[in-house]
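Numbering of ligands and ligand atoms starts at 1, following listing order. In this chain, numbering begins with 1 at the start of the sequence shown.
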Amino acid sequence: MKRRDFIARASGGVVASSAIVAAPAVIEKPKIQWRMVTTWPKNFPGLGSGASLLAKFISEASGGRLQVKVYGAGEIVPALESMDAVANGTVEMGHGAPYYWKGKVPAAQYIAAMPFGLTAQEQNAWFQYGGGQALADRIYAELGCKFFPSGNTGVQMGGWFNKRMNSLEDYKGLKMRIPGLGGEVVKAAGGTPVLLAGGDIPPALQSGAIDATEWVGPYNDLAFGLYKSAKYYYYPGWHEPGTVLDNFVNLKAWEKLPANLKEIVKAANTAANSMVLSEFVARNNASLATLVNKHGVKVLRFPDEILNGLGTVSGEVLSDLTSRDALSKEVFQSLLKFRKNAIGWSRLSEQTYLAARSLPFKYGT
Ligand code: CA
């Protein structure tokens with residue numbers, strides 16, 4: 001029966017039910033207002049974009065039923081207290097990077113970036129089809145939060161150095177700003193990893209308080225002016241091949257959210273995740289050209305001897321660290337399995353294609 005006929009009959013008294021024929025009452029749905037703290041300065045290029053995109057998407061897609069307002073680092077709490085603020089319900093949402101929370105749950109750093117681990121595309125595939133989301137949700141549940149991947153930097157650069165890096169020996173005594181698991185590897189190679197927040201890096205490099213630093217890639221490194229204080233810009237960023245940014249939601253606030261708003265938050269994160277990576281790819285391309293052509297930066301590839309050495313040390317360090325924590329071990333084993341299959345396929349796809357594209361043939365004008 002068509003709805004029109006049904007209503008006609010109903011109002012004709014065949015099916016008398018006021019509930020059916022009454023005009024639907026307009027019920028104003030309650031508006032929910034959330035605050036999102038971030039580990040980034042407000043509107044920070046690339047890294048901060050995910051938070052801004054996310055808030056805008058959620059607020060607009062929900063027709064204002066769930067409104068999210070972004071607060072930069074230091075506005076409500078300092079950058080690295082973002083997780084506490086979300087976990088204890090001071091605010092409902094946060095945006096940062098999983099390795100910042102390794103002091104609370106060590107397994108968090110494995111889903112951020114693993115030396116010689118997964119690329120951005122592989123990492124997303126692991127979250128969506130490789131069991132990664134479920135493992136990440138377990139890690140974040142320990143923090144009292146729900147997890148979403150919410151941006152990715154893509155392959156980072158190896159860092160800025162004032163001496164040439166010829167062999168693994170050159171890491172001995174090297175004071176380098178490098179966070180997370182990459183720092184553990186540098187330490188095992190004989191260096192001294194230093195953890196500095198972004199804004200403290202340029203003066204430390206300039207004064208010689210550190211010998212070397214990594215930050216992100218051409219886009220962010222150019223903005224910081226790191227080329228002014230270091231001669232050589234090394235690649236690839238073996239330590240952060242596809243660094244994940246996280247959106248974390250207070251678990252109680254998340255569970256109270258109606259199903260349709262949950263879907264909007266999920267979709268917003270999927271969109272932000274993809275947009276952030278696109279921003280990095282587009283801006284890195286242009287910024288690399290500026291660094292080389294305008295600032296005369298010497299861009300050097302790490303010799304295979306160093307990469308091979310760091311790869312071996314990484315395998316040892318990661319296995320050793322995970323042996324002390326059951327959840328880290330489970331996450332590491334899952335990533336290892338995914339990585340093994342990813343190497344099998346990427347050898348025939350991305351890796352071979354990119355090498356083919358770099359052959360010296362003439363293409364276009
Ligand atoms: Ca980095």
Side-chain angles (χ1 to χ4, degrees), residues 38-41 44-51 73 79-80 82 95-103 108-120 123 149-161 165 171 174-187 189 191-205 210-227 229-230 232-246 273 276-277 279-281 283-284 287-288 291 297 299-300 302 306-307 310 314 317-318:
T38 69
T39 59
W40 327 112
F44 198 67
L47 300 167
S49 302
L80 299 183
S82 297
H95 197 273
Y99 49 39
Y100 291 145
W101 325 125
K102 70 170 187 176
Q109 61 189 331
Y110 288 85
I111 59 167
M114 210 168 71
F116 296 92
L118 306 181
T119 64
Q123 187 77 29
S150 192
N152 195 302
T153 66
V155 182
Q156 299 201 1
M157 281 293 280
W160 297 88
F161 297 78
M165 300 299 285
Y171 276 93
L174 187 81
K175 244 199 225 169
M176 180 171 185
R177 184 269 174 193
I178 177 168
L181 293 166
E184 298 287 346
V185 174
V186 164
K187 191 163 124 191
T192 307
V194 179
L195 183 59
L196 292 174
D200 300 329
I201 300 173
L205 190 61
I210 50 172
D211 306 314
T213 186
E214 70 81 59
W215 175 223
V216 187
Y219 179 32
N220 295 105
D221 296 8
L222 171 66
F224 263 0
L226 295 174
Y227 59 87
S229 318
Y232 307 117
Y233 196 20
Y234 270 91
Y235 68 97
W238 55 271
H239 61 300
E240 294 192 61
T243 301
V244 173
L245 310 183
D246 60 359
N273 198 24
V276 169
L277 181 59
E279 184 182 350
F280 273 108
V281 172
R283 307 282 189 216
N284 278 335
S287 302
L288 178 63
L291 283 171
V297 168
V299 181
L300 300 171
F302 280 123
I306 286 190
L307 291 173
L310 290 172
S314 297
V317 167
L318 295 177

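Aromatic pair F161/Y232: centroids not less than 6.0 angstrom apart.
Backbone or side-chain N, O or S atoms of G182 do not reach the Ca ion (ligand 1) at under 3.0 Å. Residue T243 does not count as close to the Ca ion (ligand 1), with no N, O or S atom under 3.0 Å.
Proximity of I178 to H239: side-chain heavy atoms (C-beta onward) are separated by under 4.5 Å at one or more points. Two residues are said to be in side-chain contact when any heavy atoms from C-beta on lie closer than 4.5 Å; V317 and L181 fail this criterion. With a 4.5 Å cut-off on side-chain heavy atoms, L245 and L47 count as touching.
Geometry note: the Ca ion (ligand 1) is the vertex, E214 OE2 and E240 OE2 are the arms, and the angle is 90° (rounded to 10 degrees).
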